[in-house]
Amino acid sequence: MISIVQEAFNPWDVMQAYQQQMAVRVRRKLGATSVFVGSMRDFNQDDQVDRMVLEYYPGMTEKQLGMIAAQANEQWSLIDSLIMHRVGEVFPTDVLVLVAVWAEHRADAFEACRFLMEALKAQAPFWKKECVTGQQARWVAENTEGYKRH
Amino acid sequence: MISIVQEAFNPWDVMQAYQQQMAVRVRRKLGATSVFVGSMRDFNQDDQVDRMVLEYYPGMTEKQLGMIAAQANEQWSLIDSLIMHRVGEVFPTDVLVLVAVWAEHRADAFEACRFLMEALKAQAPFWKKECVTGQQARWVAENTEGYKRH
Amino acid sequence: MNQQCDIVVKYFASLKEKLGRSEDYFTLTRSMTVSDVWAHVNPEIAPPEQLKVAVNLDYVSWDWVVKPGDEVAFFPPVTGG
Amino acid sequence: MNQQCDIVVKYFASLKEKLGRSEDYFTLTRSMTVSDVWAHVNPEIAPPEQLKVAVNLDYVSWDWVVKPGDEVAFFPPVTGG
């Protein structure tokens, strides 16, 4: 499921509800669930961030997320996946993104979850504008690197 | 936190409760939460599994999990981690293990979560005995590979 | 979209604020790449470095040729998640 | 542990079932590796392939030397998670 939401959401309630509507037949096959939650921190580049506005491109964002999910499905053996992303005005500790992957085996779940998250950050059209104490609001220029340089 | 539990648990309730008791000051630093849930499937090696018994080594299991968690803390920049493992009698769809990692950045959260899970499977003393329809109960001989062979 | 303005151009985020508008409309009178589209609607402004472009909700390169009815979007690098 | 039986040996999972008991106790009268410990408490049985051994809750190799008061554990490969 792909979902873009304007209101604050609790990722654990979402996980609960989403799994509850899965058929028992499906749930009995689930060996592995991998979940990533991205939240708003109150600091970025040494500045205290009080508030953020998340803009997106209605239509394209959903389409890109759908393509990413389809790609994960092709590349790994998955039972289901979920991408939920917040837009609009957000505050520190608010959840920005929830990515979940259900699979029979853990390698598939882990790898697909990470792929979804990195692909989302690289290609889903969302933009963050930060409101920093004592400064003009500013657009975040670029995303951080998701894979470590070993 | 390291926890070995006899009773069934709901991983999303655990996540909720665990995060709620974190100080607000800590929660405002959290950028990334990575979670893995391992559940009991009703199939293994082509057989229908009805029930499983999970044995462990009281004392050593906790110690090994503690060492794994300490190692993850040294290797990555983490805010907190949680390992919860079920023991005793379990049934299909029951959660066997919950691993969660909180960090400022997603690379740390993703990598530490996977490390914890793989290290747990490799060295934490737990043993599964499967009760298969129409057969004698049997001990699971070995764990599956967690990292994909690319 | 009617036939009088068969290309819609959209801007997002910092680009939208910089240009002071979120959309442009015009009619195709000749073959145009997305690069030509930018020059047509923003004749005075060189496209900012790293600017992304999408046609009909898919990423394309700057030499992609547009056709009547297309939605062309320009935006800065994405920063979601 | 009293001084009469200063080594405790524990067995887990399939090994425990195979041996039909979960613990052995004995008194150290000479220097022993964990390999010697196994031979002492299970003189008729070769240690199963892939058997793991721990002393005082840490994994050790088969040439590890035990001392009075140690807890020695033998068990099959772990299968948790």
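Sequence lines set the chain letters: A, B, ... in the order given, protein chains first and strands last, and positions in each chain run from 1.
Counting heavy atoms from C-beta on, the side chains of B:Met15 and A:Val37 never come closer than 4.5 Å. Residues A:Phe110 and B:Cys113 form a side-chain contact, since some pair of their non-hydrogen atoms from C-beta on lies under 4.5 Å apart.
At a 4.5 Å heavy-atom cutoff, the contact between A:Glu104 and chain B is made by backbone and side-chain atoms alike. The contact between A:Asn10 and chain B is made entirely by side chain atoms (from C-beta outward), counting heavy-atom distances below 4.5 Å.
Heavy-atom minimum distance, A:His105 versus B:Arg41: CE1-NH2, 3.5 Å.
Enclosure of atom CD in B:Gln21 by more than 12 non-hydrogen atoms of other residues, nucleotides or ligands within 6.0 angstrom is indicated.
Atoms CZ and CZ, from B:Arg114 and A:Arg114 in turn, are 9.5 Å apart once rounded to the nearest 0.5 Å. Atoms CH2 and CG, from A:Trp12 and B:Asp13 in turn, are 12.0 Å apart once rounded to the nearest 0.5 Å. Separation of atoms CZ (B:Arg28) and CZ (A:Phe43) is listed at 9.5 Å; rounding is to 0.5 Å.
The candidate with the highest count of non-hydrogen atom pairs below 4.5 Å against chain B, out of A:Ala100, A:Gly31, A:Ala109, A:Pro11, is A:Gly31. Ranked by heavy-atom pairs under 4.5 Å with chain B, the list A:Gln19, A:Met40, A:Arg27 is led by A:Gln19.
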